[in-house]
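Letters A, B, ... are given to chains in the order of the sequence lines, protein chains preceding strands, and every chain is numbered from 1.
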2 protein chains.
Amino acid sequence: MKTILVVDDEPKIVELARDYLEHAGFAVVSAFDGSEALTRARTDAPDLIVLDLGLPKLDGLDVARALRRDSNVPIVILSGRSDESDKLVGLELGADDYVTKPFSPKELVARVRAVLRRMERPAPASDIIRASDVTLDVPRMRVRAGERDVELTATEFQLLAALAREPGRVFTRSQLLDAVHGVAFESYERAIDAHVKNIRRKLERDPREPQYLQTVHGVGYRFRDDDR
Amino acid sequence: MKTILVVDDEPKIVELARDYLEHAGFAVVSAFDGSEALTRARTDAPDLIVLDLGLPKLDGLDVARALRRDSNVPIVILSGRSDESDKLVGLELGADDYVTKPFSPKELVARVRAVLRRMERPAPASDIIRASDVTLDVPRMRVRAGERDVELTATEFQLLAALAREPGRVFTRSQLLDAVHGVAFESYERAIDAHVKNIRRKLERDPREPQYLQTVHGVGYRFRDDDR
DNA sequence: CGCGGGTGTGGAGCGTTCGTGAAGGCCGCG
DNA sequence: CGCGGCCTTCACGAACGCTCCACACCCGCG
């Protein structure tokens, strides 16, 4: 269950928010001034913070800044006046959403839900290729080998993706050319060798002893298949 | 002029509310039990409903649920008992506000006004995009990078928003054109380059070493992804 | 063990893609 | 009707990376 920290100096606002948020299935903790907010943020580790800007003593802006310094917990701003809020809200402190008073509690709940949903982005599984300890993130065009990030060019990425999609399967140079360009692009097949060389240089720990991209003499290349 | 439907089985309450609401410039229709309330809600299409929970026959709760099924007309609950149970129940069915009896008619008017005001503004569709230390306030079309405010044109803003919504993801020029114009607007794809150049000039600390808008050679562009 | 074809590698060449400044055109505003 | 923004388009130079080559090395087979 997600925990929400509600910060406002007006108890009625806090209670209204608490009612609706708890009813929506959240656990709610509250704070009535800035320093209390910072303490609670540390101790209760909320998943999201609803923060009023007009706080006594420590202003909401300062609270937000302080929070941002060592965490990026999502923040939903409650801004008092809608005119003043124009300049301050969100921008200066990196809030994730804001609601202007007077607010509908239903809207608050909706925005809290929306922000939380936005935060969890587990990247669609189908767009991720895993093979051995190498991970390809296709939409981001990124590669990780173990703990290292690897920078590949577009063609190198496509070539590696084609191989890693079916670990163990052997691909001929011609097949790999097809994967890299569209279909039937006539060219020097040994260009593949050059790409493999460059991928190995960036991907392999010891390029002279390739672990991932294996050569199949007289046929082509394959990606290492762990369970075999 | 706005029409308010007042539902209560006690005529004195209805009259009290009617007096004050009409005086405040609303048209008022009334109903004294649940089924009448549903009929009037359909025929008179009120802009807001003031609903007592303790009704004979068809309970206020059931009325509210029935109303919610095919409309989202705002509802202000009049709860007889001041204990918490009614309040929670009211929340359950998505009331927009509640007033506990005995109530001050002035307070009722104030709440009705507040709820209607909220409804008019179709919820300041606040949407904030945060990526790296760049914040976009979409409804206000504002951008802030670190401590600096950045002025962008409409097209530049949309382009940046599209990229920053999914940090790290690589977009082709064609996809970005779609994001900027409607669907499939035919034009020179490299117009995107010009926009990227202009955004960089305003956004980046050193436009020759872009931190935020990264180019992916042969593919397109992406927004920096801090946490990989 | 020797031979031939296949593969690894560094580097050069060159086409493609990108960055940039500037010019043209559209549109809204005064 | 003129002016100023803004988007688009173009041209040119620079950067990038794909291709291709030359040569060394390796493997497999007779």
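Atom C1' of nucleotide dT9(C) and atom CG of D206(A) are separated by 14 Å, given to the nearest angstrom. Atom CG in N198(A) sits roughly 13 Å away from atom C1' in dC16(D) (whole-Å rounding). Between D193(B) atom CG and dA11(D) atom P there is a gap of 16 Å when expressed in whole angstrom units. Rounded to whole Å, the distance from CZ on R173(A) to P on dT19(D) is 14 Å. Regarding Y188(A), its OH atom lies at a distance of 11 Å from the P atom of dG6(C), rounded to whole Å. Nucleotide dG8(C) holds its P atom 11 Å from the CD atom of E204(A), rounded to whole Å. In this entry the distance linking NZ of K197(A) with P of dG11(C) reads 9 Å, nearest Å. The nearest whole Å value for the distance from the CD atom in E189(B) to the C1' atom in dT8(D) is 14 Å.
The side chain of T153(B) contributes an N or O atom lying less than 4.0 Å from OP1 or OP2 of dC7(D). Contact annotation: Y221(A) side-chain N/O to dG6(C) OP1/OP2 distance is not under 4.0 Å.
Both H195(B) and E156(A) sit near DNA chain D, but only H195(B) has its closest nucleotide nearer the 5' end. Where R201(B) and G220(B) each meet DNA chain C at their nearest nucleotide, the meeting point lying more 5' is that of G220(B). A residue-by-residue look at H217(A) and T155(A) shows that T155(A) has its nearest nucleotide of DNA chain D further toward the 5' end.
Heavy-atom neighbours of R65(A) CZ from other residues, nucleotides or ligands within 6.0 Å: above the threshold of 12. Open room surrounds CZ on R208(A); 12 or fewer heavy atoms of other groups in view lie less than 6.0 Å from it.
Looking only at atom types and distance, the side chain of Y212(B) has a donor-acceptor partner in the side chain of D133(B) under 3.5 Å away.
Comparing atom distances between the H181(B) side chain and each of dC7(D), dC21(D), dT20(C) picks out dC7(D) as nearest. Closest approach to the R200(A) side chain among dG8(C), dC7(D), dT9(C) is made by dG8(C) (side chain taken as heavy atoms from C-beta onward).
Under the 4.0 Å criterion applied to side-chain N and carboxylate O atoms, E15(A) and R18(A) are assigned as salt-bridge partners. Taking the charged nitrogens against the carboxylate oxygens, D127(A) and R140(A) have no contact shorter than 4.0 Å, which rules out a salt bridge. Taking the charged nitrogens against the carboxylate oxygens, D96(A) and R68(A) do have a contact shorter than 4.0 Å, which makes a salt bridge.
In this structure, V216(A) reaches the sugar-phosphate backbone alone: every heavy-atom distance under 4.0 Å involves primed, P, OP1 or OP2 atoms, never a base.
End-to-end axis angle of the helix from dC1(C)-dG30(D) to dG30(C)-dC1(D), using five pairs per end and rounding to 10°, comes to 30°.
Remark: the R190(A) side chain and the dG8(C) base include a donor-acceptor N/O pair separated by less than 3.5 Å.
Put simply, CG on L213(B) and CZ on R222(B) are 11.5 Å apart, with the number rounded to the nearest 0.5 Å.
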